[in-house]
Amino acid sequence: MLSSLHIENIAVVKNADIDFINGFNVMTGETGAGKSVIIGSINLLRGQRFGKEIIRTGEERAMVSALFTDLSEELLEVFSDLGIYIDEGREVLLQRTVSADGKSSAKINGRTVNASLLRDVSSYLITIHGQHDNQLLMDPYIGIHMIDKYALLSDILTDYKTLYSELCNVRAKIRSISKDESERIRMIEMLNYQVSEIEGAKLKDGEEEQLEDKKIKIKNLERISKQLAFAYRALKGNEKGNVAYIIERTISALSQIEDVLPEVKKANELLEGVIPAIEDASEIVYSLQEDDIDDPTAMLDKIESRLDTIEKLRKKYGRSIAEIIEYKDKAKEELETLQNSDNEILQLEAEEKKILKEISSIADILHDKRVLFAKEMALKIQENLEFLDMPKVKFKISVEKQIENHNYVFSPFGIDKVDFLVSTNVGEPEMPISKIASGGEMARIMLAIKSVMADKDSIDTLIFDEVDAGVSGKTARKIGIRLLNASRSAQVICVTHSAQIASLSDKHLLISKNEENDRIYTRIGELDNEGSISELARILGGIDITEKQREVAKELIEEKAIYLGA
């Protein structure tokens with residue numbers, strides 16, 4: 001329920017705090033005192049757009065916040081799905097701030113949120129019904145929601161929604177695979193070309209680096225050949241002038257004097273150790289000389305051509321040969337999927353057919369139950385309308401299957417279109433409420449509906465804004481009785497000019513305005529029994545309040561006990 005409302009700098013309200021109770025709350029006051037400001041402030045919390053003129057003159061910003069307490073388990077689950085987590089206190093604080101530059105911000109439990117989320121959350125907490133605020137009756141699905149709640153169809157609807165989700169997923173897959181045939185063929189041709197182009201190149205990972213190394217060698221081939229030839233000749237190539245020959249001759253010469261000069265033996269040992277290294281070095285140099293290229297220019301052109309091919313593929317498919325090969329593998333997978341899509345579509349269509357059979361059966365059950373309970377619900381609403389002095393208004397709930405080309409049209413809530421229909425004049429056909437009902441009629445029709453839904457609607461706070469517009473006397477009293485009884489299963493807040501309604505309240509709030517320092521200030525205060533009697537006497541009429549009017553007001557209050565449960 002709405003426990004408290006705080007308003008700052010909105011129109012004539014400088015600063016106000018209003019506490020509400022879980023029952024029938026009534027707000028009264030003279031015309032222009034600021035009752036509409038209260039409703040407008042609550043509408044800000046419902047995500048409604050605003051004009052800069054709502055901000056009190058001379059102020060830069062305005063703010064409204066509302067604290068809702070004693071949230072139900074159902075609401076806690078809904079808010080959790082929306083990403084709003086409530087602690088053990090079961091409270092939620094909604095806040096919206098608007099500034100003179102047209103900007104606004106919203107918070108839920110201190111966390112900044114967008115206006116859309118604020119609107120979604122508030123829609124589960126509060127509804128406003130009045131001459132200009134009966135959007136619920138305009139919502140194409142609200143009729144379905146109301147019937148389902150009235151008939152307690154949540155379990156069947158849960159089964160339906162599970163199948164509906166599966167149906168949507170299967171159809172989405174079919175649409176994805178069954179793209180325009182020409183597009184599918186184009187994709188197959190393109191992928192075939194890409195795979196063939198990459199496979200035709202016969203790329204090898206690391207090939208590019210090897211080619212670059214070889215290109216460098218060929219460009220320096222003359223210098224390399226000259227130096228390798230010299231090195232080989234120096235190491236072993238010349239018969240008598242190479243390093244190996246000279247060392248061998250040196251060892252032989254020193255060996256001949258070892259008997260007379262034993263110290264040279266150490267020198268020979270060192271020289272003999274060098275021989276294997278010279279042999280290995282000469283073999284390496286010799287092997288490098290074996291890479292003899294007959295036509296270096298032709299070979300260089302061949303390498304450049306290969307590198308050019310790799311570069312072109314890199315620009316198309318990846319930064320390296322490894323990425324190009326990876327691209328090819330993925331393209332082959334996609335190609336296989338497209339080429340095998342016909343079989344997959346057949347499988348999905350078989351699955352769709354199976355789901356359609358199941359969901360159609362549940363949709364038929366939902367439809368039959370809705371038709372049955374719609375008649376019962378409409379009859380009770382009709383009785384409430386007659387009680388509210390609208391005997392000429394005929395109320396009907398239409399539940400029709402939606403069918404196109406002999407097939408059910410499935411929505412998230414079934415196959416039904418539900419319309420609340422009324423005829424406000426004898427002999428006139430029933431038509432949708434939104435097309436023919438006046439503002440006052442709309443509010444009373446909504447009250448009749450809420451009276452029937454009182455113990456089944458999950459919304460805890462109902463606000464009725466001048467539901468008594470255009471009526472008085474007995475009719476206003478009957479409206480008050482219905483509001484009083486509705487407040488026993490949900491919190492009701494009512495803005496009214498009717499003493500017949502206000503006298504039935506559990507809490508009576510007076511909205512008044514005062515002039516201070518050439519500025520208008522709105523005040524909201526709770527009335528005690530005597531204060532309520534005085535206010536009701538004022539509403540009953542006359543320039544001066546008479547004792548007779550006070551007696552009538554007192555009698556109206558005392559009659560309240562009679563109407564509980566009426």
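Just the heavy atoms: all of them, side chains too, but no hydrogens, waters or symmetry mates, feed the values below.
A distance-only check finds a donor-acceptor pair linking the side chain of Lys35 to the backbone of Gly29 [under 3.5 Å]. Checking side-chain atoms of Thr158 against main-chain N and O of Ser154 turns up a donor-acceptor pair under 3.5 Å. At least one donor-acceptor pair closer than 3.5 Å links the side chain of Arg90 to the backbone N or O of Leu71. No donor-acceptor pair under 3.5 Å is formed between the side chain of Glu60 and the backbone N or O of Ile55. A donor-acceptor contact shorter than 3.5 Å links the side chain of Ser505 to the backbone of Ala502. The backbone N or O of Leu388 lies less than 3.5 Å from a partner atom in the side chain of Arg444, making a donor-acceptor pair. Remark: side-chain polar atoms of Asn25 are paired, donor with acceptor, to backbone N or O of Val492 under 3.5 angstrom. Asn43 contributes no side-chain N or O that, together with a main-chain N or O of Arg46, makes up a donor-acceptor pair within less than 3.5 Å. Of the possible polar contacts, none joining the Arg56 side chain to the Ile10 backbone as a donor-acceptor pair under 3.5 Å is found. Between the Ser487 side chain and the Leu484 main chain, a donor and an acceptor come within less than 3.5 Å of each other.
Side chain to side chain, Asn114 and Ser116 fail the donor-acceptor criterion of an N or O pair below 3.5 Å. Between the side chains of Glu376 and Tyr150, at least one donor N or O sits under 3.5 Å from an acceptor N or O. In this structure, a donor-acceptor pair under 3.5 Å is present between the side chains of Gln500 and Ser498. Counting only N and O atoms by type, the side chains of Ser503 and Arg477 include a donor and acceptor under 3.5 Å apart. For the residue pair Glu428 and Ser423, no side-chain donor N or O sits within less than 3.5 Å of a side-chain acceptor on the partner.
Side-chain contact between Asn9 and Met63 is absent, with no heavy-atom pair separated by less than 4.5 Å. In this structure, the side chains of Ile38 and Ile7 come closer than 4.5 Å at one or more pairs of heavy atoms. For the pair Ile84/Ile86, a side-chain contact is recorded, criterion being any heavy-atom separation below 4.5 Å from C-beta on. Taking 4.5 Å as the limit, some side-chain heavy atom of Leu483 sits within range of a side-chain heavy atom of Leu447. Between Ile493 and Ile42, the closest side-chain pair of non-hydrogen atoms is not below 4.5 Å. No side-chain heavy atom of Gln491 sits under 4.5 Å from any side-chain heavy atom of Phe24. Leu536 places a side-chain heavy atom less than 4.5 Å from the side chain of His508.
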From CA spacing to verdict: side-chain contact (heavy atoms from CB on, under 4.5 Å), Arg61, Glu8: CA-CA 8 Å; Arg61 56 184 286 279; Glu8 289 181 20; 3.9 Å; yes

Show your reasoning for whether side-chain contact (heavy atoms from CB on, under 4.5 Å) applies to Ser3 and Phe20. CA-CA 5 Å; Ser3 291; Phe20 298 100; over 6 Å; no

Test Lys507 against Met27 for side-chain contact (heavy atoms from CB on, under 4.5 Å), laying out the working first. CA-CA 9 Å; Lys507 183 169 186 173; Met27 291 186 285; over 6 Å; no

Kindly indicate, with the supporting measurements, whether the criterion side-chain contact (heavy atoms from CB on, under 4.5 Å) is fulfilled by Lys401 and Tyr408. CA-CA 8 Å; Lys401 292 182 178 180; Tyr408 284 161; 3.1 Å; yes

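One finds the CG atom of Leu379 at 13.5 Å from the CZ atom of Phe373 (value rounded to the nearest 0.5 Å).
Among residues two or more places apart in sequence or in another chain, the side chain to side chain contact (heavy atoms under 4.5 Å, CB included) test is passed with Asn405 by none.
Heavy atoms of other residues, nucleotides or ligands lying less than 6.0 angstrom from NZ of Lys396 number 12 at most. Applying the 6.0 Å contact sphere to CD of Glu404 captures no more than 12 heavy atoms from other residues, nucleotides or ligands. Around NZ of Lys173, the count of heavy atoms belonging to other residues, nucleotides or ligands within 6.0 Å does not exceed 12. Residue-environment remark: CD (Glu30) stays at or below the threshold of 12 foreign heavy atoms within 6.0 Å.
With Val121 as the partner, the side-chain contact (heavy atoms from CB on, under 4.5 Å) test is satisfied by one option alone out of Asn109, Ile126, Ile108: Ile108.
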